[in-house]
Enquirer: 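First the structure, then my questions, so here it is.
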Amino acid sequence: MLRSDQLRGHSIAEHPGPAEDLKITARIIDGKAIAAKVRAEVAEGVQSFTEEYGFAPGLTVVLVGDDAPSATYVRGKEKASKEVGIDGRVIHLSQNSTQDAVFETVQSLNKDESVHGILVQLPLPSQMDSDAITMSISPDKDVDGLHPQNLGFLMSGTPRFVPATPLGIQRILMEEGVELNGAEIAICGRGALIGRPLSVLLSQRGAGANGTVTLCHTGTANLAEVTRRADVLVAAMGSAELITGEMIKPGAIVIDAGTSRVDDQTRKRGYRLAGDVAFDEAVEVASAITPVPGGVGPLTIAMLLQNGLKAAKLAVGAEG
Ligand code: GUN
C-alpha cells in the first residue's frame, strides 16, 4: 500500500507498481481542528482588543425568512461569536418582510457604532434584490466581503474583507502545507460566495496563492478533462456528489465546499448532508480530502469571526 504522500504529485503512469498498489486512502482533513486553531487566535485578538478599547467587537447577522439551513448557520455564527468574546447578535425578519424593511435594518446597523461587522444571510426570499441589499451594507462593516468595493480590493491585489469560505479554503491549504505556488488548481463553480472570489485569491501573488487557476462552470466543455489535471481540486457547485473518483487526479488534494441535504429515510431527521464530491470514491484517489460535514464548514464560521475582529480594528483605526 502506498502512503498518500508518496503519490502526491505523481500520475498513475509514473508509478511502476501493480494496479492494486494504486489504491490509496486519502488523509481526511480535520476542518474542525483547523477552525479551532483560528478561533483561538481570534479569541486572543478579541481579548486584547477589548482590554485596549473597553468594548468588544460587535457582529450582527440579519436573517430574513425561514430557510432552515440558513437558520442553522446563523445560530452557529451567533454561538461562535460569543465563544470568542465578540458581541454577536442576530436580527430575524419575517419571510414576508419588504425589501425596504431590510434596507432600514441595514441602515440602522450601518449607523450603530457598537456594530462593527454586518452580514445579511443569503439566500434572501425571492422577492428581494440580494445585490442591492449587499450594496447597502457599509463597505467598512462588510465582513462577508461581498460588497463590490471589497471585491474590487480583492481584484486589485490589496484585499480588505475577503469572503469567509474562500479565506477558509486558503487557510486549510496553508495549514496542510499544500504547495500552491505553480500548482494546477481547478475550481468547480463560479458562484459569488465561493468559486469566483476563490479563483482571484488563489491566483494572486504571494504565500498561499500563486496557483494556475481554472474556473470551471456549467459552460465548461469537458469538465473531467480539466479536473483530472488539477493538483488541487475545489468543488463548490452545490450539486451533490457530482465529482466522481475518475474525475480526480491520483494524489490530488480535494476540497469539498458543497453542502446539500439529500433525502435519507434511514436518518432520524430524514436527510443526510452531502458534499459536491462522491466521498467514498474520492478517498481512494486523492491524497487528502475535506469531509462534509467537518471540513470547509467550520472554517467559514472561523474566518467570519476573523473578519469581525478586523472590522472592529478598522473602526478604531488599528488596521489599515
Ligand atoms: N449563505 C451561505 N454562505 C453564506 C455566506 O458566506 N455569507 C452569507 N451572507 N450568506 C451565506
Side-chain angles (χ1 to χ4, degrees), residues 31 35 38 59-81 88-93 99 102-103 105-106 109-110 115-126 128-139 141-151 154 159-172 187 189-201 234-240 255-261 273-276 290 292-293 295-308 310-311:
V38 175
L59 175 60
T60 297
V61 178
V62 180
L63 172 66
V64 188
D66 20 73
D67 179 57
S70 291
T72 307
Y73 296 144
V74 167
R75 269 197 304 276
K77 288 170 183 174
E78 185 184 21
K79 182 166 171 277
S81 296
R89 299 179 213 164
V90 175
I91 296 178
H92 192 176
L93 302 177
Q99 183 158 307
V102 183
F103 277 134
T105 302
V106 171
L109 294 171
N110 282 343
V115 175
H116 308 104
I118 304 167
L119 180 148
V120 177
Q121 185 70 20
L122 302 172
L124 285 164
S126 55
M128 294 188 187
D129 179 347
S130 302
D131 289 344
I133 289 168
T134 298
M135 278 219 258
S136 73
I137 298 170
S138 163
K141 297 190 177 188
D142 170 38
V143 285
D144 238 349
L146 297 177
H147 188 287
Q149 193 182 103
N150 286 315
L151 291 172
L154 176 60
R160 186 169 54 175
F161 292 115
V162 177
T165 306
L167 210 49
I169 291 171
Q170 185 186 45
R171 180 71 187 246
I172 289 174
I187 300 172
R190 59 183 152 190
L193 286 174
I194 309 180
R196 196 175 289 274
L198 183 65
S199 70
V200 178
L201 191 63
V234 181
M237 314 83 71
S239 306
I255 305 291
D256 189 348
T259 332
S260 306
R261 289 186 174 189
L273 289 182
D276 285 354
T290 59
V292 176
V296 172
L299 265 297
T300 297
I301 295 190
M303 302 324 271
L304 170 67
L305 303 177
Q306 188 176 287
N307 280 348
K310 191 184 176 95

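Whatever order the structure lists them in is the order used to number ligands and atoms, beginning at 1. Predicted model, so just to flag it, every value in this text is computed and none were measured.
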Enquirer: Looking at CD1 of Ile194 and CD1 of Ile169, how far apart are the two atoms once the value is rounded to the nearest 0.5 Å?
Expert: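 Reported value, rounded in 0.5 Å steps: 6.0 Å.
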Enquirer: Pairs under 3.5 Å, N/O atoms on ligand 1 and on the protein: can you put them in a table with the distances?
Expert:
unit_1	atom_1	unit_2	atom_2	d
ligand 1	1 (N)	Gln121	NE2	3.1
ligand 1	1 (N)	Leu122	O	2.8
ligand 1	7 (N)	Asp144	OD1	3.0
ligand 1	7 (N)	Asp144	OD2	3.2
ligand 1	9 (N)	Val120	O	2.8
ligand 1	9 (N)	Asp144	OD2	2.4
ligand 1	10 (N)	Leu122	N	2.9

Enquirer: Can you name the salt bridge (Lys or Arg N to Asp or Glu O under 4.0 Å) partners of Arg261, sequence neighbours left out?
Expert: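 Testing Arg261 for salt bridge (Lys or Arg N to Asp or Glu O under 4.0 Å), a comparison that skips the adjacent residues, returns none.
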Enquirer: Within the side chain of Ser70, is there an N or O that forms a donor-acceptor pair under 3.5 Å with the backbone of Asp66?
Expert: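 Side chain of Ser70 to backbone of Asp66, a donor-acceptor pair under 3.5 Å: no, none is there.
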Enquirer: To check you understand the geometry: which heavy-atom pair defines the closest contact between Ala35 and Leu299, and what is its length?
Expert: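 Shortest heavy-atom separation between Ala35 and Leu299 comes out as N-CD2, 3.8 Å.
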Enquirer: Taking atom CZ of Arg196 as the centre, report whether more than 12 heavy atoms of other residues, nucleotides or ligands fall under 6.0 Å from it.
Expert: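 12 or below, so no.
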Enquirer: Can you see which heavy atom on Gly88 is nearest to which on Ser81, and at what distance?
Expert: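 Heavy-atom minimum between the residues: CA-CB, 3.8 Å.
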